[in-house]
Amino acid sequence: QLQASGGGLVQAGSSLRLSCALSGRMFSSYGMGWFRQSPGRAREFVAATDWSGGLPYYGDSVKGRFTISRDNAKNTVYLQMNSLKPEDTAIYYCAASRIIMATTSSRNYHYWGQGTQVTVSS
């Protein structure tokens, strides 16, 4: 029900935009978030937005570089990633929360996408 796309292999300093579409549910009823996980590391919060796209939250490691947005008409949430670094390399997951406000804890998310790989070379 959550389909993420847009990952790939890029060089450091480049940009990527991830997309995640929610099907089968009322998209505007969900807060949306992005998390990432790299081998040997715990899942890390990246960004979250409330039902309207306002009041975004960001993880400290991505503040000022990443931007989360959503288009409720298209049932899609985006993650614009600029100034990518090798340490941003991970599988990125989108998630939907029945809590309509932005939430940073993975425990508050009820639906998860399959993940999309982002690899940043130095």
Side-chain angles (χ1 to χ4, degrees):
Q1 293 175 329
L2 279 169
Q3 183 69 39
S5 61
L9 171 63
V10 297
Q11 290 187 331
S14 300
S15 298
L16 275 176
R17 188 176 80 156
L18 305 183
S19 300
C20 178
L22 176 66
S23 60
R25 300 187 181 271
M26 187 176 293
F27 184 67
S28 60
S29 296
Y30 293 87
M32 299 297 296
W34 288 95
F35 293 78
R36 66 186 183 186
Q37 189 166 20
S38 53
R41 300 188 66 177
R43 186 168 294 184
E44 177 187 9
F45 167 73
V46 175
T49 182
D50 69 6
W51 70 275
S52 68
L55 298 175
Y57 286 90
Y58 296 96
D60 288 341
S61 60
V62 306
K63 281 180 182 176
R65 300 188 297 123
F66 291 12
T67 302
I68 187 171
S69 61
R70 64 188 292 162
D71 185 336
N72 285 350
K74 295 182 178 179
N75 291 354
T76 301
V77 62
Y78 304 96
L79 185 68
Q80 178 66 44
M81 305 185 295
N82 298 328
S83 302
L84 283 162
K85 304 175 180 179
E87 51 263 43
D88 294 318
T89 295
I91 299 174
Y92 283 70
Y93 299 91
C94 62
S97 171
R98 291 195 288 266
I99 300 172
I100 61 173
M101 303 307 293
T103 178
T104 63
S105 173
S106 61
R107 293 174 294 181
N108 292 332
Y109 287 84
H110 305 91
Y111 305 101
W112 292 82
Q114 84 287 3
T116 184
Q117 177 71 48
V118 172
T119 303
V120 185
S121 63
S122 58

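The residues of the chain are indexed from 1 along the displayed sequence.
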Peer 1: Identify the heavy atoms of S19 and T76 that sit nearest to each other, and give their distance.
Peer 2: CB-CG2, 4.2 Å
Peer 1: Give a yes or no on whether L16 and M32 share a hydrophobic cluster (residues Ile, Leu, Val, Met, Phe, Trp, Tyr; joining criterion: side-chain heavy atoms under 4.5 Å apart).
Peer 2: yes
Peer 1: Are any of the side-chain heavy atoms of I68 and Y58 separated by less than 4.5 Å?
Peer 2: yes
Peer 1: Answer yes or no: is there a donor N or O on one side and an acceptor on the other, between the side chain of R17 and the main chain of G6, under 3.5 Å?
Peer 2: no
Peer 1: Under the side chain to side chain contact (heavy atoms under 4.5 Å, CB included) criterion, do M81 and V120 qualify, and how do the steps go?
Peer 2: CA-CA 11 Å; M81 305 185 295; V120 185; over 6 Å; no
Peer 1: Give me the atom names and distance for the closest heavy-atom approach of S69 to V77.
Peer 2: O-CG2, 3.2 Å
Peer 1: Has the side chain of Y109 got a donor or acceptor atom that lies under 3.5 Å from a matching backbone atom of C94?
Peer 2: no
Peer 1: Can F45 and Y57 be said to form a ring pair (Phe, Tyr, Trp, His ring centres under 6.0 Å), step by step?
Peer 2: CA-CA 10 Å; F45 167 73; Y57 286 90; 7.6 Å; no
Peer 1: Please check: side-chain N/O of R41 versus main-chain N/O of R36, any donor-acceptor pairing under 3.5 Å?
Peer 2: no
Peer 1: Linking I/L/V/M/F/W/Y whenever any side-chain heavy atoms sit under 4.5 Å apart, do F35 and V118 land together?
Peer 2: no
Peer 1: Between atom CG of N72 and atom CG of L22, what is the distance when rounded to the nearest 0.5 Å?
Peer 2: 10.5 Å
Peer 1: Determine, using the 4.5 Å side-chain heavy-atom cutoff (strictly less than), whether Y78 and F66 are members of one ILVMFWY cluster.
Peer 2: no
Peer 1: Between Y93 and R43, do the side chains contain an N or O donor and an N or O acceptor separated by less than 3.5 Å?
Peer 2: no
Peer 1: Is there a path of hydrophobic side-chain contacts, each under 4.5 Å between heavy atoms, that joins L79 and V10?
Peer 2: yes
Peer 1: Does N108 form a side chain to side chain contact (heavy atoms under 4.5 Å, CB included) with M101? I'd like the steps, not just the answer.
Peer 2: CA-CA 11 Å; N108 292 332; M101 303 307 293; over 6 Å; no
Peer 1: Looking at R70 and G53, what are the two nearest heavy atoms and their distance?
Peer 2: CD-N, 3.5 Å
Peer 1: Looking at CH2 of W51 and OG of S97, how far apart are the two atoms once the value is rounded to the nearest 0.5 Å?
Peer 2: 15.0 Å
Peer 1: Nearest heavy-atom pair of P86 and A12: which atoms, and what distance?
Peer 2: CD-CB, 4.1 Å
Peer 1: What heavy-atom pair brings A4 and Q114 nearest, and what distance separates the two atoms?
Peer 2: O-NE2, 3.1 Å
Peer 1: Quick one: do K85 and D88 satisfy salt bridge (charged side-chain N to carboxylate O under 4.0 Å, His left out)? Show the steps, please.
Peer 2: CA-CA 5 Å; K85 304 175 180 179; D88 294 318; over 6 Å; no
Peer 1: What's the separation between atom CD in Q80 and atom CG in L18, rounded to the nearest 0.5 Å?
Peer 2: 9.0 Å
Peer 1: Roughly how far, to the nearest 0.5 Å, is the SG atom of C20 from the CH2 atom of W34?
Peer 2: 5.0 Å
Peer 1: Can you say whether the rings of Y30 and Y111 are parallel (under 30°), tilted (30 to 60°) or perpendicular (over 60°)?
Peer 2: perpendicular
Peer 1: Nearest 0.5 angstrom please: Q3 CD to N75 CG, how far?
Peer 2: 14.0 Å
Peer 1: To the nearest 0.5 Å, how far apart are CD in Q117 and CG in L9?
Peer 2: 9.5 Å
